[in-house]
Amino acid sequence: MNTKINNLSIFTSGSENNRSIIFVHGFPFDHFMWDAQIKELSEELFCVTYDIRGLGESPAGDGQFTIESFVDDIETIINELKLKMPVLCGLSMGGYISLRAIERMEKKFSAVILCDTKALVDDNEGKKKRADGIKAINENGVEKFVSQFVPICFSENFMSKNEAEYKKVMNRSKSSSPVGVKGCLLAMAGRTDTTSYLSNISIPSLIICGEEDKLTPPEVMRKMADKINGSNFVVVKGAGHMAPVEKASFVNEKIAGFLQRVNR
Ligand code: MLT
């Protein structure tokens with residue numbers, strides 16, 4: 001089902017009587033990146049995904065976003081859909097949002113799944129790259145920015161062996177709103193560091209990382225996982241930053257197994 005909540009495009013699948021899970025996509029993608037998870041997991045779970053403000057079908061408005069406002073959006077979705085203790089699953093930027101959501105309101109969630117993400121903030125180099133990205137979009141357009149950014153997110157193997165699927169993802173990203181993409185870059189540059197909260201997380205957690213992730217590599221994610229009590233850490237062989245897209249069946253198996261083990 002497709003619905004609108006506070007101008008956000010929301011997509012739900014599965015029975016509302018089942019345990020719910022909210023999927024938060026990465027940048028500069030949209031809800032579509034979770035398609036393989038929704039297809040397989042919606043038999044057992046009430047799957048909720050949405051387009052982060054400014055990306056996919058959710059309008060950018062004035063583009064003045066913060067990670068805090070993205071967390072507000074998650075809270076609104078939980079309230080409006082009356083979700084009871086959903087699982088929160090975020091990838092990369094979706095993971096930054098998920099980590100901050102857990103820090104702000106952990107009691108609302110029953111478990112967290114963090115894919116290819118980190119608790120750390122951008123260092124100065126990273127902040128300058130965000131600024132360069134905004135400049136590049138202003139000067140050359142969003143399509144060019146996206147066509148240079150997206151390949152960093154996938155393993156070489158996936159791009160060469162799954163040309164059609166890769167092209168589809170790329171084309172969706174290319175059609176993103178420039179205001180939305182720039183707004184997300186600023187929001188990520190201005191995010192807070194959630195590292196100090198990691199040792200306080202008391203809900204079950206699954207940490208998933210593509211073996212070839214260039215943006216949030218396994219050594220960075222392992223350090224994060226080590227700080228979370230009882231976390232489950234999984235490396236996805238042969239996958240890059242977009243592990244749930246690149247190795248969907250393996251990732252789905254890990255998510256389903258984890259949720260069975262931590263069933264409420
Ligand atoms: C993402 O996949 O969401 C982005 O790579 C995150 C980032 O640029 O920090």
Side-chain angles (χ1 to χ4, degrees), residues 22-35 37 49-56 58 60 65-67 69-71 73-74 88-101 112-137 142 145-155 158-159 166 169-170 172-174 176-178 180-195 207-221 224 236 239-248 251:
I22 306 175
F23 291 99
V24 194
H25 64 80
F27 166 91
F29 306 103
D30 65 4
H31 72 281
F32 180 76
M33 66 148 285
W34 296 112
D35 244 29
Q37 279 66 48
T49 186
Y50 68 104
D51 287 340
I52 290 173
R53 217 167 275 282
L55 295 174
S58 292
F65 315 135
T66 60
I67 295 297
S69 64
F70 289 153
V71 173
D73 284 336
I74 291 189
L88 187 58
C89 175
L91 178 132
S92 201
M93 179 174 77
Y96 308 155
I97 299 168
S98 300
L99 277 162
R100 180 63 185 133
V112 62
I113 302 169
L114 299 166
C115 310
D116 302 278
T117 192
K118 61 185 177 190
L120 298 166
V121 281
D122 293 351
D123 58 13
N124 282 349
E125 228 23 71
K127 283 190 170 68
K128 281 192 261 170
K129 270 196 195 142
R130 306 286 188 202
D132 289 345
I134 292 170
K135 191 173 173 196
I137 294 169
V142 74
F145 169 79
V146 161
S147 58
Q148 288 168 347
F149 187 87
V150 170
I152 307 168
C153 298
F154 287 90
S155 65
F158 182 84
M159 290 187 284
Y166 173 68
V169 177
M170 174 65 102
R172 288 182 80 90
S173 292
K174 276 186 181 170
S176 303
S177 144
V181 172
K182 289 188 287 182
C184 288
L185 284 168
L186 274 178
M188 287 192 283
R191 73 189 188 272
T192 56
D193 192 314
T194 48
T195 308
I207 319 296
I208 295 174
C209 183
E211 182 186 32
E212 294 166 29
D213 186 337
K214 299 182 203 84
L215 294 166
T216 46
E219 59 273 20
V220 170
M221 288 204 72
M224 178 176 80
V236 186
H241 186 61
M242 296 292 278
V245 176
E246 297 182 47
K247 300 281 178 192
V251 169

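This one's a predicted model, so the numbers in the text were calculated from it and none came from an experiment. As a basis for the values below, the full set of heavy atoms in this structure was taken, side chains included, without hydrogen atoms, waters or symmetry mates. Note that ligands are numbered from 1 as they come in the structure, with each ligand's atoms numbered from 1 the same way.
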Worksheet item: Counting each atom of ligand 1 from 1 as listed, which ones have a heavy atom of Gly26 under 4.0 Å away?
Response: 3 (O)
Item to complete: Answer yes or no for Arg130: is there a heavy-atom contact with ligand 1 below 4.0 Å?
Response: yes
Worksheet item: Does an N or O from Met93, backbone or side chain, lie closer than 3.5 Å to an N or O of ligand 1?
Response: yes
Worksheet item: Is Thr194 reaching over with its side chain to a backbone N or O of Arg100, donor-acceptor style, under 3.5 angstrom?
Response: no
Practice prompt. Have a look at Ser92 and tell me which of Lys118, His241, Met188, Met33 forms a side-chain contact (heavy atoms from CB on, under 4.5 Å) with it.
Written response: His241
Worksheet, complete the sentence: The closest protein heavy-atom partner of atom 6 (C) of ligand 1 is Ser92 OG, 3.0 Å
Fill in: Distance filter under 4.0 Å to His241 heavy atoms, resulting ligand 1 atoms
1 (C), 2 (O), 5 (O)
Item to complete: Give a yes or no answer on whether the side chain of Lys127 reaches the backbone of Asp122 with a donor-acceptor pair at less than 3.5 Å.
Response: yes
Worksheet item: Would you find a donor on one side and an acceptor on the other, under 3.5 Å apart, between the side chain of Ser98 and the backbone of Leu88?
Response: no
Worksheet entry | Heavy-atom closest pair, residues Met170 and Pro151 | CE-CD, 4.0 Å
Worksheet item: Where do Ala239 and Lys247 come nearest, in terms of heavy atoms and distance?
Response: CB-CG, 3.8 Å
Fill in: Proximity winner for atom 3 (O) of ligand 1, if only heavy atoms of Tyr96, Phe149, Phe27 are counted
Phe27
Worksheet entry | Leu215 neighbourhood, listing ligand 1 atoms whose heavy-atom distance to it stays under 4.0 Å | 5 (O)
